[in-house]
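Following: one structure in structure tokens, then a few remarks.
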Amino acid sequence: HFAEEEQHMESMAYPGLETHRRIHVDLVNKYTKYLEEYKQGSGAVNNEIFMFLKMWLAAHINGVDKKYGEYYHQKSA
């Protein structure tokens, strides 16, 4: 998903692409950390990961992704 999104941003010369890529890398790193903790722990998923995902979905999709969508629509007009 991230690679396709970044390719789309690149194709429209989105000025925030590099920042957006860093955000994606940060998300993957956090996910990997949670996954490793899960594998090394009791096998239970704690509420921390759900809170992280909820926050990320709200902030990233409704914030960061929305900005590039607006840029796309302005550029297409």
hydrophobic_cluster_shared for L35 and L27, side chain cutoff 4.5 Å: no
Nearest atoms (heavy-atom pairs only) where E6 meets L17: O-CD1, 3.8 Å
Donor-acceptor contact present, side-chain Y71 to main-chain A13, <3.5 Å: yes
Matching residue for M9 among E4, H20, E18, R21 - test: side-chain contact (heavy atoms from CB on, under 4.5 Å): H20
M51 atom CE, over 12 foreign heavy atoms within 6.0 Å: no
ILVMFWY network linking L57 to Y34, side-chain heavy atoms under 4.5 angstrom: yes
Cluster check M55, V25: I/L/V/M/F/W/Y, side chain < 4.5 angstrom: no
Neighbour count above 12 (heavy atom, 6.0 Å) for K33 NZ: yes
Aromatic ring pairing W56/F2, orientation class (parallel under 30°, perpendicular over 60°, tilted between): perpendicular
Intermediate values then yes/no, side chain to side chain contact (heavy atoms under 4.5 Å, CB included), T19 and I23: CA-CA 6 Å; T19 299; I23 291 168; 4.2 Å; yes
Greater than 12 external heavy atoms within 6.0 Å of E70's CD: yes
Electrostatic pair R22-D26, nearest N-O below 4.0 angstrom: no
